[in-house]
Amino acid sequence: NSQILILSLCMSLTTTACYQISYISINNNKLNFMKNKYFKIRKVLGVVLFILTLINANAQTFLTVTKTSDPNPFDYPYNYVDSLCDPVMLGTLQWAVRKSNDSPDTCTIVFNIQGSGQHIILLSYELPSFSKPVKIDGTTQKGYQFGHPVIIIDGGGQIATGLTYYMTNGQVIKGLQIQNFWMQGIHLWNTIECEISNNVINRINNGSSDYAAMGIRLDEAQNVTMT
């Protein structure tokens, strides 16, 4: 009895898999045996792909801010690939915001700036708006105490807004001091499920009655928790 068995298996680490088993035989017992093998392999591959999908869905990237500087993005250009990013830009808050927007994963911005005491990030340029549900956590900086943030984002009286989230879902802003902006410290625009906790927001003042200045501005923002 002649028989032909073709087995091909192709898997990727993302979300695709293909498999094919063909069996031609005049022996029905062997054919049924191979059919059972086929279904067992298919079940195993299904489980593997399900696990890979869960891992990919829950992937999280931590971006660490190590500098207080805010360089000119034209002179020191950002690149998503760190090895191609200008070293002056790499590690800044501006870099972290840009990279979080470009990342396919959920991102958390943490801080590890050398030295003790408060660290003032004096902005020279308005930060890009967050377009992803990024968590920015000032409590990760060494020396943080409740009610006394050590990461200060300062607009120098020249920048309109500190942090802006646009059309995002599930963002967290915590443990920061946000000050010296002339329109708003935090702006949530068309967002859902936001936590704003343990922040100090002050010195939001434009000195004009033509424009309202406020610590937190909510425009079509739903389910915002502030503590």
Side-chain angles (χ1 to χ4, degrees), residues 59-113 118-141 144 149-156 158-201 204 215-219 221 224:
Q60 184 161 168
T61 297
F62 289 87
L63 303 173
T64 305
V65 176
T66 59
K67 301 174 181 177
T68 58
S69 55
D70 187 41
N72 187 322
F74 297 100
D75 293 339
Y76 308 99
Y78 153 84
N79 193 293
Y80 179 76
V81 179
D82 289 349
S83 60
L84 300 178
C85 184
D86 192 288
V88 175
M89 175 64 70
L90 188 67
T92 64
L93 179 58
Q94 183 184 158
W95 160 82
V97 174
R98 294 181 185 278
K99 186 157 184 170
S100 66
N101 283 336
D102 292 340
S103 176
D105 302 328
T106 301
C107 290
T108 297
I109 296 176
V110 298
F111 296 85
N112 186 22
I113 300 173
Q118 292 183 316
H119 302 280
I120 301 175
I121 300 175
L122 181 62
L123 298 182
S124 301
Y125 306 90
E126 190 131 4
L127 293 170
S129 298
F130 286 102
S131 58
K132 300 282 186 66
V134 178
K135 177 180 180 179
I136 179 168
D137 189 355
T139 69
T140 55
Q141 175 63 41
Y144 170 84
V150 289
I151 295 296
I152 301 175
I153 302 176
D154 194 312
Q158 304 299 313
I159 307 296
T161 305
L163 301 175
T164 300
Y165 284 80
Y166 177 64
M167 296 188 70
T168 58
N169 183 352
Q171 52 280 341
V172 177
I173 307 165
K174 65 184 298 186
L176 300 170
Q177 182 164 326
I178 301 172
Q179 64 184 34
N180 289 329
F181 293 92
W182 60 268
M183 283 197 71
Q184 54 260 330
I186 296 172
H187 186 193
L188 303 182
W189 186 8
N190 199 8
T191 62
I192 303 174
E193 300 293 345
C194 180
E195 174 192 331
I196 302 175
S197 59
N198 304 335
N199 299 287
V200 175
I201 304 174
I204 309 297
I216 300 173
R217 178 175 176 177
L218 306 179
D219 286 322
V224 179

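The main-chain N or O of Asn180 is never found under 3.5 Å from a side-chain atom of Asp154 such that the two would form a donor-acceptor pair. Proximity of a side-chain donor or acceptor of Thr191 to a complementary backbone N or O of Leu188 within less than 3.5 Å is not detected. Judged purely by atom type and a 3.5 angstrom limit, Gln184 has no side-chain atom pairing as donor or acceptor with the backbone of Gly162. A donor-acceptor contact shorter than 3.5 Å is absent between the side chain of Lys132 and the backbone of Cys107.
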For residues 92-99, which side-chain donor-acceptor pairs fall under 3.5 Å, sequence neighbours excluded?
{"unit_1": "Thr92", "atom_1": "OG1", "unit_2": "Met89", "atom_2": "O", "d": "2.7"}
{"unit_1": "Thr92", "atom_1": "OG1", "unit_2": "Trp95", "atom_2": "N", "d": "3.1"}
{"unit_1": "Gln94", "atom_1": "OE1", "unit_2": "Arg98", "atom_2": "NE", "d": "3.2"}
{"unit_1": "Gln94", "atom_1": "OE1", "unit_2": "Arg98", "atom_2": "NH2", "d": "3.1"}
{"unit_1": "Gln94", "atom_1": "NE2", "unit_2": "Asp70", "atom_2": "OD1", "d": "2.8"}
{"unit_1": "Gln94", "atom_1": "NE2", "unit_2": "Pro71", "atom_2": "O", "d": "3.1"}
{"unit_1": "Lys99", "atom_1": "NZ", "unit_2": "Tyr80", "atom_2": "O", "d": "3.2"}
{"unit_1": "Lys99", "atom_1": "NZ", "unit_2": "Asp82", "atom_2": "OD1", "d": "2.7"}
{"unit_1": "Lys99", "atom_1": "NZ", "unit_2": "Asp82", "atom_2": "OD2", "d": "3.3"}

Atom pairs and distances, side-chain donor-acceptor, residues 119-127, under 3.5 Å, sequence neighbours left out:
{"unit_1": "His119", "atom_1": "NE2", "unit_2": "Gly115", "atom_2": "O", "d": "3.2"}
{"unit_1": "His119", "atom_1": "NE2", "unit_2": "Gly117", "atom_2": "O", "d": "3.4"}
{"unit_1": "Tyr125", "atom_1": "OH", "unit_2": "Asn72", "atom_2": "ND2", "d": "3.1"}
{"unit_1": "Glu126", "atom_1": "OE2", "unit_2": "Thr161", "atom_2": "N", "d": "3.2"}

Return all side-chain donor-acceptor pairs below 3.5 angstrom for residues 192-199, not counting sequence neighbours, or 'none' if the list is empty.
{"unit_1": "Glu193", "atom_1": "OE2", "unit_2": "Asn223", "atom_2": "ND2", "d": "2.9"}
{"unit_1": "Glu195", "atom_1": "OE2", "unit_2": "Ser197", "atom_2": "OG", "d": "2.8"}
{"unit_1": "Asn199", "atom_1": "OD1", "unit_2": "Gly175", "atom_2": "N", "d": "3.2"}
{"unit_1": "Asn199", "atom_1": "OD1", "unit_2": "Leu176", "atom_2": "N", "d": "2.9"}
{"unit_1": "Asn199", "atom_1": "ND2", "unit_2": "Ile173", "atom_2": "O", "d": "3.0"}
{"unit_1": "Asn199", "atom_1": "ND2", "unit_2": "Ser197", "atom_2": "O", "d": "3.0"}

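Note that CG of Leu90 is 10.5 Å distant from OH of Tyr78, once rounded to the nearest 0.5 Å. Separation of atoms CZ (Phe181) and CG (Leu163) is listed at 7.0 Å; rounding is to 0.5 Å. Rounding to the nearest 0.5 Å gives a distance of 12.0 Å between CG of Leu218 and CG of Asn190. Rounding to the nearest 0.5 Å places NE2 of His187 at 11.5 Å from CD1 of Ile216. The distance from atom NZ of Lys174 to atom OG1 of Thr139, rounded to the nearest 0.5 Å, is 4.5 Å.
Partners of Asp219 according to the salt bridge (charged side-chain N to carboxylate O under 4.0 Å, His left out) rule, which considers only residues two or more places apart in sequence or in another chain, are Arg217. For Ser69, the side chain to side chain donor-acceptor pair (under 3.5 Å) test picks out no residue, with sequence neighbours left out. In this structure, Asn79 has no side chain to side chain donor-acceptor pair (under 3.5 Å) partners at least two apart in sequence or on a different chain. Applying the side chain to side chain donor-acceptor pair (under 3.5 Å) criterion to Thr168, with sequence neighbours excluded, gives Gln171. Taking Thr108 as the reference, Gln60 meet the side chain to side chain donor-acceptor pair (under 3.5 Å) condition, with sequence neighbours excluded. For Tyr165, the ring pair (Phe, Tyr, Trp, His ring centres under 6.0 Å) partners two or more places apart in sequence, or in a different chain, are Phe130.
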Passes side-chain contact (heavy atoms from CB on, under 4.5 Å), Ile113 versus Ile151? Steps please. CA-CA 9 Å; Ile113 300 173; Ile151 295 296; 3.8 Å; yes

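For the pairing with Ile109, the side-chain contact (heavy atoms from CB on, under 4.5 Å) check across Val65, Thr64, Thr61 returns one residue only, Val65.
Under a cut-off of 6.0 angstrom, the local environment of CD in Gln158 is sparse, with at most 12 non-hydrogen atoms contributed by other residues, nucleotides or ligands.
Shortest non-hydrogen contact noted between Ile201 and Gly185 is CG2-CA, 4.3 Å.
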